[in-house]
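If you read the sequence from its start, that first residue is 1, and numbering goes on from there. Model, not experiment: these values are computed from the prediction.
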Amino acid sequence: MAVQFLWKASVWLKKHKIPLLAVSCVGLFGANLSYHVFPEQTFKLLHECWSEGQPADLSQRLCGVFQDVLQDTGVKSTDSFRAFAASGFHPVSAGMPWLPAGSWVGIPLNFESTAEDKKGIVNHVVVINGKEVDWKSNEGIALTEALTFSLEAQKFAIAREVVYLQNSSPVASAIVAPACLAGTFLCGKGLKLFLGLSPGPMILRSICNLTAAAAGLMYYYVSYDAMIYHLDCKADRKAATVSKSYARGGVEFYDKILSRNRILRGLMGKQGMKMYAPSGNLFPRHWFRIKYTPYTYRRDFRTPSAQHILNWPNLAITSQLPVCSHIPGFWWVQKNHYTFAMISSSSQLRIIGIDVKALLDLQDPTPDSNNFTV
């Protein structure tokens with residue numbers, strides 16, 4: 001009975017494999033986008049912060065910061081972005097600005113804290129390994145500092161979420177799974193035709209199908225991780241180039257995330273050592289997968305564009321000599337007492353060997369074209 005059912009199912013699948021593939025791809029794409037299409041009914045309820053049985057409200061200050069970020073990032077329709085108080089210590093976001101439901105950005109309540117007033121942190125209870133964190137202990141004080149961000153860092157953190165949604169990143173990440181599924185099917189079909197297995201024994205065709213499926217799954221993991229890596233870096237870089245203060249805030253934001261993770265690694269014991277690397281990056285890797293973009297790389301990726309640096313006043317290009325035949329030009333660029341190496345090409349300028357923190361600490365004087373020397 002079971003054998004007969006499986007045989008009929010196999011015949012049905014062969015007959016309707018193209019429509020079934022199309023439905024599967026559309027279903028995967030829809031499932032990946034579901035909480036972006038209905039963010040208020042799904043995403044917001046999952047990440048919303050509650051206080052005394054009611055959803056917590058954002059303060060007027062944070063609402064003002066959010067509106068400033070929308071203006072700085074060039075959002076044309078501010079009504080398509082809405083903010084809410086989120087649980088956790090990271091801003092989160094979902095939705096697509098061009099859909100009727102719009103986009104939601106969750107701002108954590110620790111952003112209420114400032115260097116002078118830590119109420120947004122110390123008023124909350126944090127339990128690690130079954131023990132409440134003592135905010136007056138050395139570890140508690142260090143954790144409080146790691147969770148307190150300047151206004152520049154807060155603006156950068158919110159801006160990268162806004163930019164991430166503006167770039168239609170949810171669509172780009174959602175399309176990977178259906179594309180890999182369709183590609184796996186076509187590659188499996190082509191492989192069987194190439195090896196002449198279509199009319200061959202079922203065992204050989206099954207082995208070919210399993211091989212194609214395994215290769216397709218591996219390719220999906222690699223492609224999805226690469227896509228997330230690219231989208232994260234793209235959002236970070238675009239947020240950092242809003243202004244130099246945003247870039248400086250990006251360095252601080254990721255520095256403090258790394259510091260927080262190092263503190264949690266110590267507080268959580270063995271579990272923390274499995275979760276966080278000594279540098280503060282998220283540690284878990286699954287064979288060939290890197291599931292998270294390293295925070296150290298995201299921090300060091302905050303460098304302003306080369307063209308932006310060339311437009312800074314008091315900039316001196318001290319040499320312009322080709323260093324080898326395949327590099328069009330090479331410059332030593334100086335500002336104040338800092339020196340940076342820069343390579344140019346016909347399409348763009350690339351910076352190498354830059355100390356990001358030193359670069360962002362530079363102060364631009366009043367623009368004066370006479371300050372440029374070549």
Query - More than 12 heavy atoms from other groups under 6.0 Å of NZ on Lys189 - result: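 Not more than 12 within 6.0 Å, no.
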4.5 Å side-chain heavy-atom contact, [X] and [Y]:
X: Ser103; Y: Arg82; answer: no
X: Lys44; Y: Pro39; answer: no
X: Val127; Y: Val133; answer: no
X: Lys131; Y: Leu267; answer: no
X: Leu151; Y: Lys155; answer: yes
X: Lys234; Y: Lys238; answer: no
X: Leu143; Y: Leu147; answer: yes

Sequence neighbours left out, what passes side chain to side chain contact (heavy atoms under 4.5 Å, CB included) with [X]? Give chain and number order.
X: Gln166; value: Thr73, Val75, Phe81, Val162, Val163
X: Leu195; value: Leu191, Leu197
X: Arg262; value: Leu258, Ser259
X: Thr184; value: none

Got a second to check how far [X]'s [atom1] is from [Y]'s [atom2], nearest 0.5 Å?
X: Asn110; Y: His90; atom1: CG; atom2: NE2; value: 9.0 Å
X: Leu231; Y: Thr293; atom1: CG; atom2: OG1; value: 9.0 Å
X: Tyr219; Y: Cys187; atom1: OH; atom2: SG; value: 9.0 Å
X: Asn261; Y: Tyr276; atom1: CG; atom2: OH; value: 5.0 Å
X: His47; Y: Ser87; atom1: NE2; atom2: OG; value: 7.0 Å
X: Leu217; Y: Leu181; atom1: CG; atom2: CG; value: 11.0 Å

Query - Counterpart residues, ring-ring contact (aromatic ring centres under 6.0 Å, His included), relative to Tyr220 (two or more places apart) - result: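 Residues passing ring-ring contact (aromatic ring centres under 6.0 Å, His included) with Tyr220: Tyr224.
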Query - Residues which pass ring-ring contact (aromatic ring centres under 6.0 Å, His included) with Phe253, listed by chain and number, not counting sequence neighbours - result: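 Scan of Phe253 (ring-ring contact (aromatic ring centres under 6.0 Å, His included), adjacent residues dropped) gives Phe149.
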Which pair of non-hydrogen atoms, one from [X] and one from [Y], has the smallest distance, and what is that distance?
X: Gly95; Y: Pro170; value: O-CG, 4.0 Å
X: Ala182; Y: Leu21; value: CA-CD1, 4.2 Å
X: Trp50; Y: Gly53; value: CZ3-O, 3.3 Å
X: Ala83; Y: Leu58; value: CB-CD1, 3.6 Å
X: Pro91; Y: Phe111; value: CG-CZ, 3.8 Å
X: Phe156; Y: Gly249; value: CB-C, 4.0 Å

Requested in this report: Any chance you could lay out the side-chain contact (heavy atoms from CB on, under 4.5 Å) test for Ile228 and Ser173, step after step, and finish with the verdict?
Outcome: CA-CA 7 Å; Ile228 295 301; Ser173 59; 4.0 Å; yes
Report task. Applying side-chain contact (heavy atoms from CB on, under 4.5 Å), run through Phe185 and Lys17 and close with a yes or a no. Result -> CA-CA 10 Å; Phe185 172 81; Lys17 54 188 174 184; 4.1 Å; yes
Query raised in the report: Just checking, is any N or O donor in the side chain of Tyr254 or Asp236 under 3.5 Å from an acceptor N or O on the other one?
Result: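 Indeed, the side chains of Tyr254 and Asp236 share at least one donor-acceptor pair under 3.5 Å.
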Report task. Verify whether one side chain among Glu152 and Ser245 offers a donor that lies under 3.5 Å from an acceptor in the other. Result ->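 Their side chains do not contain a donor-acceptor pair, so the 3.5 Å distance test is not met.
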Query - Criterion side-chain contact (heavy atoms from CB on, under 4.5 Å) on Tyr297 and Asp232, from CA distance to verdict - result: CA-CA 11 Å; Tyr297 181 79; Asp232 281 341; over 6 Å; no
Who clusters with [X]? Use side-chain heavy atoms, under 4.5 angstrom, across I, L, V, M, F, W and Y, and order the result by chain and number.
X: Met96; result: Phe29, Leu33, Val37, Phe38, Trp98, Leu99, Val171, Ile175
X: Phe43; result: Tyr35, Phe84, Val92, Trp104
X: Val23; result: none
X: Ile207; result: Ile203

Requested in this report: Please check if the side chain of Asn167 supplies one atom and the backbone of Ser169 the other of a donor-acceptor pair under 3.5 Å.
Outcome: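 No; judged by distance alone, with no hydrogens or angles, the pair does not exist.
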Query raised in the report: Between Lys136 and Ile141, is there a donor-acceptor pair closer than 3.5 Å when you use the side chain of the first and the backbone of the second?
Result: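 No, Lys136 side chain to Ile141 backbone: no donor-acceptor pair under 3.5 Å.
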Requested in this report: For Ser279, enumerate each residue passing the side chain to side chain donor-acceptor pair (under 3.5 Å) test, keeping only those at least two apart in sequence or located in another chain.
Outcome: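 With neighbours one apart ignored, the set is Asn281.
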Query raised in the report: For Glu40, which residues count as a side chain to side chain donor-acceptor pair (under 3.5 Å) partner, sequence neighbours excluded?
Result: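 In terms of side chain to side chain donor-acceptor pair (under 3.5 Å), with neighbours along the sequence ignored, Glu40 is linked to no residue.
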Report task. Go through the steps to decide whether Arg61 and Gln154 satisfy the test side-chain contact (heavy atoms from CB on, under 4.5 Å), and finish with yes or no. Result -> CA-CA 12 Å; Arg61 188 189 75 83; Gln154 292 176 8; 3.4 Å; yes
Is there a path from [X] to [Y] through hydrophobic residues (I, L, V, M, F, W, Y) whose side chains come within less than 4.5 Å of each other?
X: Val26; Y: Leu20; result: no
X: Tyr221; Y: Leu28; result: no
X: Phe194; Y: Leu204; result: yes

Query - Verdict with reasoning, Thr78 to Gln67, per side-chain hydrogen bond (donor to acceptor under 3.5 Å, both in side chains) - result: CA-CA 8 Å; Thr78 56; Gln67 292 300 320; 4.6 Å; no
Report task. Can you spot which of Arg260, Met273, Gln271, Lys274 makes a side-chain contact (heavy atoms from CB on, under 4.5 Å) with Arg265? Result ->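 Among Arg260, Met273, Gln271, Lys274, the one meeting side-chain contact (heavy atoms from CB on, under 4.5 Å) with Arg265 is Met273.
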Query raised in the report: Only one of Leu165, Ile158, Ile107 forms a side-chain contact (heavy atoms from CB on, under 4.5 Å) with Ser93, so which one is it?
Result: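 Testing each of Leu165, Ile158, Ile107 against Ser93, the sole residue satisfying side-chain contact (heavy atoms from CB on, under 4.5 Å) is Leu165.
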